[in-house]
S.K.: 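Here you go, one structure.
Worth knowing before you read on, the calculation uses all heavy atoms, side chains too, and leaves out hydrogens, waters and symmetry mates. Order of the sequence lines fixes the chain letters, A, B, ..., with proteins taken first and strands second; residue numbering starts at 1 for each chain.
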Amino acid sequence: MKKAEDFSEWYNEIVEKANLTDKRYPIKGMNVWTPYGWKIMQAIDSHIRQEFDSTNHQEVCFPLLIPEDQFAKEKEHIKGFDSEVFWVTHAGLNPLDVKLLLRPTSETAMYPMFSIWVRSHADLPLKTYQIVNTFRYETKQTRAFIRVREIHFFESHTCHADLEDAERQVKEDYEIMARLSKKLCIPYKLLKRTDWDKFPGAFYTVGIDTLLPSGKSLQLGSIHQYKDNFSKPYDIKYEDQDGQHKHVHQTTYGMSERLVGAVVALHGDDKGLVLPPDIATMQVVIIPVLAKGAVEEVTEEARALHAELKDAGVRVHIDERDLRPGAKYYDWELKGVPLRLELGLRDMEKQQVTFVRRDSGDKSLHPRARLVEEVKKTLSDIAEDMFDLARKDMEANTVTAETLDNLPSKLIRTGWCGGEDCGHEIEARSNKHILGTPIDGERFEGVCVICGKPTDKPVYLADAM
RNA sequence: GGGGUAGUGGUCUAGCUUGGUAUGAUCCGUGGUUCGGGACCACGUGACCGUCGGUUCAAAUCCGACCUACCCCA
């Protein structure tokens, strides 16, 4: 399992060995979530729920099936998706008059209902989200968590009185992403997609991109400003204070289990997974080191540690399996548990506990009496160091280029005037994908690599995953 | 979208050229000795060889299609 030598093979192996997923389900791109993987996914789900709930979004759950005529209302949208939808054409033995499709995303399921729900300005803003499965018939090579045909999808959908309020929503989404990235210890860039690469039907799209160790970019999610592009075909209108009927402005924010893929890919190492403490199913594992004649004594004390940490709100597990300690170390390292506590006679005599950090491998001794605070401190250090390391990796793999020749497999920053012709030329010559221009006002002084016109905005390019 | 490789107990694998229902390891189960970095001994369970079809007295083995996985190139 060498991450540096063959990232792709390493990733496949680790996903399987750490027991996150079972790829043997006989439909392409549809994997089974195994218990350990699902727990991690649910931990991420709960962070996302918490974020949306605390920003006054309401959780909803729409049907999986969408009638063909609803799907077809927005021209750009259907053009972007109709080559990758799964169709339901029969009910039992009878062909359906109106075919049904499995949602590839939920605009066309939700918006007909929104047009009924929204009556007055008092109904706005309408902020909803759901965590559901969506289906896309991916033609490219599938890969666990990263490119799948059944997607575990988070999508927020909002309606606003005007563009200004919708823009405020987009900013709030940026803040949500910033908080999430801290918990996942994943750095990212917010990049405004080119017009030819935006979400089908959107006014504009902001991609949330991170960088894999292989040098390829990975889109973690996206935030879309729809303006009134959907509210017109779906007739979502409200009556304002003056009695006028106006179309709402809408936004969406979508993410998926790719977040799990990114956690695996960015933090994992040759020994296995490395989970950020905030999403680790078990934050701490206790390994009693038993010796002949002291089995009960050590076991009892290990259980006391377990109880103490559990009471303090730490997600802790005690491994009492009949295995050699070494075998347990390897096992928990593979599973990515952030902190391992070892307790043997030697420790007990000295009133101490041995800590071993998963991220750095550092071993240290801590007084038994201060167990809880030392554990909490160590977990927060781990999270901070993991985020830091990932951020530095991303920075180190970002290069500013003045020509498009011999570009490395990294995140490339260069100048672009913003013109469409020059953009296409950049992609053709660099053989990379334009991710977009940063929305955070990043400073840049240079010229467009194609036409030479001065520009103050950089553009980022990468090989897309 | 184009090209390539592969599919044998839960996992990995031998056998395929030269057709005769399958090798070894690991995991798992039971009992025992062990336990500060992957323990050992003994016994035991488990596959008709991806699916469908064809050739044949006989197919894991030869042929075809499909499914799935992985790799490479637009």
S.K.: Within the structure shown, what part of the strands sits under 4.0 Å from A:Lys292 by heavy-atom distance: base, sugar-phosphate, or nothing?
M.R.: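 A:Lys292: backbone/sugar contact only, no base atoms under 4.0 Å.
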S.K.: So, are A:Arg368 and A:Glu301 salt-bridged, with charged N and O less than 4.0 Å apart?
M.R.: yes
S.K.: Between A:His77 and A:Phe199, is the ring centre distance below 6.0 Å?
M.R.: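 Yes, close enough.
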S.K.: For B:G37, does the base pair up with any side-chain atom of A:Arg340 as donor and acceptor (N or O, under 3.5 Å, distance only)?
M.R.: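 Yes, the side chain and the base share a sub-3.5 Å donor-acceptor pair.
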S.K.: For nucleotides B:C16 and B:A59, find the distance between their C1' atoms and express it as a whole number of Å.
M.R.: 11 Å
S.K.: Could you tell me how far B:U18 sits from B:C62 if I compare only their C1' atoms? Round to whole Å.
M.R.: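 Approximately 12 Å lies between the C1' atom of B:C62 and that of B:U18.
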S.K.: Of the candidate nucleotides B:C35, B:C70, B:G38, which contains the atom at the shortest distance from the side chain of A:Ala327?
M.R.: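 Between B:C35, B:C70, B:G38, the one nearest the side chain of A:Ala327 would be B:G38.
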S.K.: Using atom NZ of A:Lys17 as one end and atom P of B:C27 as the other, report the distance to the nearest whole Å.
M.R.: 13 Å
S.K.: Quantified in whole Å, what is the C1' atom distance between nucleotide B:A74 and nucleotide B:A58?
M.R.: 47 Å
S.K.: Find the partner of B:U11: check Watson-Crick (N1-N3 plus N6-O4 or O6-N4) and G-U wobble (N1-O2, O6-N3) distances, both under 3.5 Å, and reply none if neither fits.
M.R.: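 Its partner is B:A25 (Watson-Crick or G-U wobble, both distances under 3.5 Å).
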S.K.: Rounding to a whole Å, what distance do you find between A:Trp332:CH2 and B:G37:C1'?
M.R.: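 Nearest whole value for this atom pair: 16 Å.
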S.K.: Under a 3.5 Å cut-off for both distances, is B:C16 Watson-Crick or wobble paired, and to whom?
M.R.: none
S.K.: How is A:Leu323 classified with respect to the nucleic acid when contacts are heavy atoms under 4.0 Å: base, sugar-phosphate, or nothing?
M.R.: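 If one applies the 4.0 Å heavy-atom cut-off, A:Leu323 turns out to touch a base.
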S.K.: Contact class for A:Gly293 vs. all strands (heavy atom < 4.0 Å): base, sugar-phosphate, or nothing?
M.R.: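 Answer is nothing: A:Gly293 stays at 4.0 Å or more from every strand.
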S.K.: Please give the distance between the C1' atoms of B:A39 and B:U34 as a whole number of Å.
M.R.: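 Between the two C1' atoms, the distance is 7 Å.
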S.K.: Do the ring planes of A:Tyr234 and A:Phe230 sit parallel (below 30°), tilted (30 to 60°) or perpendicular (above 60°)?
M.R.: parallel
S.K.: Using atom P in both nucleotides, what's the gap between B:G46 and B:A22 to the nearest angstrom?
M.R.: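 About 14 Å, rounded to a whole number of Å.
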S.K.: Out of B:U34, B:A69, B:G37, which has the shortest distance to the side chain of A:Asp322?
M.R.: B:U34
S.K.: Ignoring backbone atoms, test whether A:Lys140 places a side-chain nitrogen or oxygen under 4.0 Å from the OP1 or OP2 oxygen of B:G1.
M.R.: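 False: A:Lys140 side-chain N/O out of range (4.0 Å or more) of B:G1 OP1/OP2.
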S.K.: Check for me whether A:Arg103 meets the cation-pi criterion with A:Phe62, that is, NZ or CZ under 6.0 Å from the six-membered ring centre and within 45 degrees of the ring axis.
M.R.: no
S.K.: Separation of A:Ile287 atom CD1 from B:G36 atom P, in whole Å?
M.R.: 12 Å
S.K.: If we require ring centres under 5.5 Å and near-parallel planes under 30°, does A:Tyr330 stack on B:G38?
M.R.: yes
S.K.: Name the residue from A:Leu411, A:Val206, A:Leu435, A:Leu220 that meets the side-chain contact (heavy atoms from CB on, under 4.5 Å) definition with A:Lys189.
M.R.: A:Leu411
S.K.: What distance, rounded to whole Å, do you find between the two C1' atoms, one in B:U23 and one in B:C49?
M.R.: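 Straight-line distance between the two C1' atoms is 13 Å.
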S.K.: Given atom OH of A:Tyr329 and atom P of B:A39, what is their separation to the nearest angstrom?
M.R.: 11 Å
S.K.: Before we go on, tell me: are the rings of A:Tyr226 and A:Phe203 under 6.0 Å apart, centre to centre?
M.R.: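 They do not qualify: ring centres at least 6.0 Å apart.
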S.K.: Check the distance between B:C72's P and A:Asn431's CG and give it to me in whole angstrom.
M.R.: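 So the CG-P distance, A:Asn431 to B:C72, works out to 15 Å.
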S.K.: OP1, OP2 of B:C70 versus side-chain N and O of A:Ser8: anything below 4.0 Å?
M.R.: no
S.K.: Counting heavy atoms from C-beta on, name the nucleotide in B:G38, B:G36, B:C70 closest to the side chain of A:Gln141.
M.R.: B:C70
S.K.: Select one nucleotide: of B:G36, B:G37, B:U68, the one nearest the side-chain heavy atoms of A:Asp347.
M.R.: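 Given the options B:G36, B:G37, B:U68, the side chain of A:Asp347 is closest to B:G36.
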S.K.: Would you mind reading off the distance between A:Lys23 atom NZ and B:G10 atom C1', rounded to a whole angstrom?
M.R.: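 It works out to 16 Å between those atoms.
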S.K.: Tell me which nucleotide among B:G10, B:C71, B:G36 gets nearest to the side chain of A:Arg24.
M.R.: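 That would be B:G10.
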S.K.: Let's test this: given Watson-Crick or G-U wobble pairing with both distances under 3.5 Å, identify the partner of B:G53.
M.R.: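 Paired with B:G53, as far as the under-3.5 Å criterion goes, is B:C63.
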S.K.: Check if the side chain of A:Asp331 and the base of B:G38 share a donor-acceptor pair of N or O atoms closer than 3.5 Å.
M.R.: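 When only heavy-atom distances are counted, A:Asp331 does not reach the base of B:G38 through any donor-acceptor pair under 3.5 Å.
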S.K.: Side-chain N or O of A:Thr354 less than 4.0 angstrom from OP1 or OP2 on B:G36?
M.R.: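 Answer no for this pair, as no side-chain N or O of A:Thr354 is under 4.0 Å from OP1 or OP2.
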S.K.: Could you please name the partner base of B:U34, counting Watson-Crick and G-U wobble pairs only when both distances are under 3.5 Å?
M.R.: none
S.K.: What's the separation between atom CG in A:Leu275 and atom CE in A:Met386, rounded to the nearest 0.5 Å?
M.R.: 7.0 Å
S.K.: Between B:U13 and B:C71, how far apart are the P atoms? Round to whole Å, please.
M.R.: 16 Å
S.K.: Mind checking the P distance from B:C28 to B:G7? Whole angstroms is fine.
M.R.: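 Rounded to whole Å, the distance is 27 Å.
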S.K.: Counting only side-chain nitrogens and oxygens, does A:Arg143 get under 4.0 Å of the OP1 or OP2 atom of B:C71?
M.R.: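 Answer is yes, contact under 4.0 Å.
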S.K.: Once hydrogens and angles are ignored, does a donor-acceptor distance under 3.5 Å link the base of B:G37 to the side chain of A:Glu333?
M.R.: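 Side chain to base: pair found, below 3.5 Å.
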S.K.: Decide if the gap between the ring center of A:Trp33 and the ring center of A:Phe145 is smaller than 6.0 angstrom.
M.R.: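 Between A:Trp33 and A:Phe145, the centre distance is under 6.0 Å.
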S.K.: Could you give the CD1-to-P distance, from A:Ile146 to B:A69, as a whole number of Å?
M.R.: 15 Å
S.K.: Mapping A:Thr139 and A:Arg346 onto RNA chain B by nearest heavy atom, which one lands closer to the 5' end?
M.R.: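 This one resolves to A:Thr139.
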S.K.: When the distance from CG of A:Leu290 to C1' of B:U34 is rounded to whole Å, what number comes out?
M.R.: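 Going from CG in A:Leu290 over to C1' in B:U34 covers 11 Å.
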S.K.: Please name the nucleotide paired to B:C70 by Watson-Crick or G-U wobble geometry with both distances under 3.5 Å, or report none.
M.R.: B:G4
